[in-house]
Amino acid sequence: MTEHRYTVNVEWLGNRGTGTSSYRDYSRAGVIRAAGKVELPSSADRTFHGDRDRWNPEELLLAALAECHMLSYLHVAVTHGVVVTGYEDAATGTMVQEGQGGHFTSATLHPEVTLADPAQVELANSLHGEASGYCFIAQSVNFPVLHEPRAQ
């Protein structure tokens with residue numbers, strides 16, 4: 001087994017002068033940093049008094065699932081001789097709020113894969129299950145990550 005470690009820095013930028021003196025007195029604005037990378041402006045979801053122009057944790061989780069699946073899928077495609085010339089995903093997720101907390105109940109990936117050889121559509125669509133098994137993020141969450149692929 002090989003172990004990999006990752007480091008990110010999250011900084012809260014929302015002190016309006018009185019800190020968290022009350023629920024509405026502070027901004028949820030933050031920034032996510034990693035060495036050598038572009039900063040990501042972050043916040044809470046708008047529902048939770050966040051800034052809709054910044055990435056929220058729920059979007060970042062969904063993006064991590066979609067990106068990980070894409071990279072795993074491209075790897076699996078190569079191993080099966082499927083030449084992918086385009087890939088897009090409009091991922092969706094469902095979260096329920098229970099009191100002050102909540103959790104994701106599911107995520108659905110909708111990968112649209114463009115192939116060099118249209119005769120491989122069936123094979124290309126079937127590879128998403130294998131790719132899911134290789135996706136570290138999908139294997140780390142406690143909710144189903146579904147796939148509704150479309151190859152062309």
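Scope of the values below: all heavy atoms of this structure, side chains included, with no hydrogens, waters or symmetry mates. Along the sequence shown, residues are numbered consecutively beginning with 1.
Both Met70 and Val121 belong to a common hydrophobic cluster when Ile, Leu, Val, Met, Phe, Trp and Tyr are linked at side-chain heavy-atom distances under 4.5 angstrom. No single ILVMFWY cluster, assembled from side-chain heavy atoms under 4.5 Å apart, contains both Leu71 and Val145.
Residue pairs satisfying the side-chain hydrogen bond (donor to acceptor under 3.5 Å, both in side chains) criterion with at least one member in residues 106-120, sequence neighbours excluded, are listed as follows: His110-Glu148, Glu112-Arg150. Note on residues 8-23: pairs passing side-chain hydrogen bond (donor to acceptor under 3.5 Å, both in side chains), not counting sequence neighbours, are Glu11-Arg33, Thr18-Ser21, Ser21-Asp25, Ser22-Asp25.
A pairwise comparison of heavy atoms in Ala77 and Val84 identifies CB-CG2, 3.8 Å as the closest pair. Across all non-hydrogen atoms, the minimal contact from Leu62 to Ala91 is CD2-O, 3.6 Å. Contact between Leu65 and Cys135 at its shortest, heavy atoms only, is O-SG, 4.4 Å. Residue Ala64 comes nearest to Ile137 through the heavy atom pair O-CG1, 4.0 Å, listed as atom of the first residue, atom of the second, then distance.
For His49, the side chain to side chain donor-acceptor pair (under 3.5 Å) test picks out Arg24, with sequence neighbours left out. Residues meeting the salt bridge (Lys or Arg N to Asp or Glu O under 4.0 Å) test with Glu88, sequence neighbours left out: none.
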Start with the C-alpha gap between Phe104 and Leu61, add the side-chain angles, then the distance that decides, and say whether side chain to side chain contact (heavy atoms under 4.5 Å, CB included) holds. CA-CA 10 Å; Phe104 270 79; Leu61 176 59; 3.7 Å; yes

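Considering only heavy atoms from C-beta on, Leu109 stays 4.5 Å or farther from Tyr73 through its side chain. Contact of the Val113 side chain with the Tyr87 side chain is registered, since non-hydrogen atoms from C-beta on lie closer than 4.5 Å. Between Phe48 and Gln97, the closest side-chain pair of non-hydrogen atoms falls below 4.5 Å.
Distance check, rounded to the nearest 0.5 Å: CG of Leu13 to OG of Ser43 gives 10.0 Å.
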What pairs of donor and acceptor atoms, side-chain ones from residues 125-133 against any protein atom, are under 3.5 angstrom apart with sequence neighbours left out?
from   : atom 1 : to     : atom 2 : distance (Å)
Asn125 : OD1    : Ala151 : N      : 3.2
Ser126 : OG     : Leu123 : O      : 2.7
His128 : ND1    : His69  : NE2    : 2.9
Glu130 : OE1    : His80  : NE2    : 2.8
Glu130 : OE2    : Tyr134 : OH     : 3.4

Enumerate, atom names and distances included, each donor-acceptor pair closer than 3.5 Å involving a side-chain atom of residues 50-60, sequence neighbours excluded.
from  : atom 1 : to    : atom 2 : distance (Å)
Asp51 : OD1    : Asp53 : N      : 2.8
Arg54 : NH1    : Gly30 : O      : 2.6
Asn56 : OD1    : Glu58 : N      : 3.0
Asn56 : OD1    : Glu59 : N      : 2.8
Asn56 : ND2    : Asp45 : OD2    : 3.4
Asn56 : ND2    : Glu59 : OE1    : 3.3
Glu59 : OE1    : Asn56 : N      : 3.0

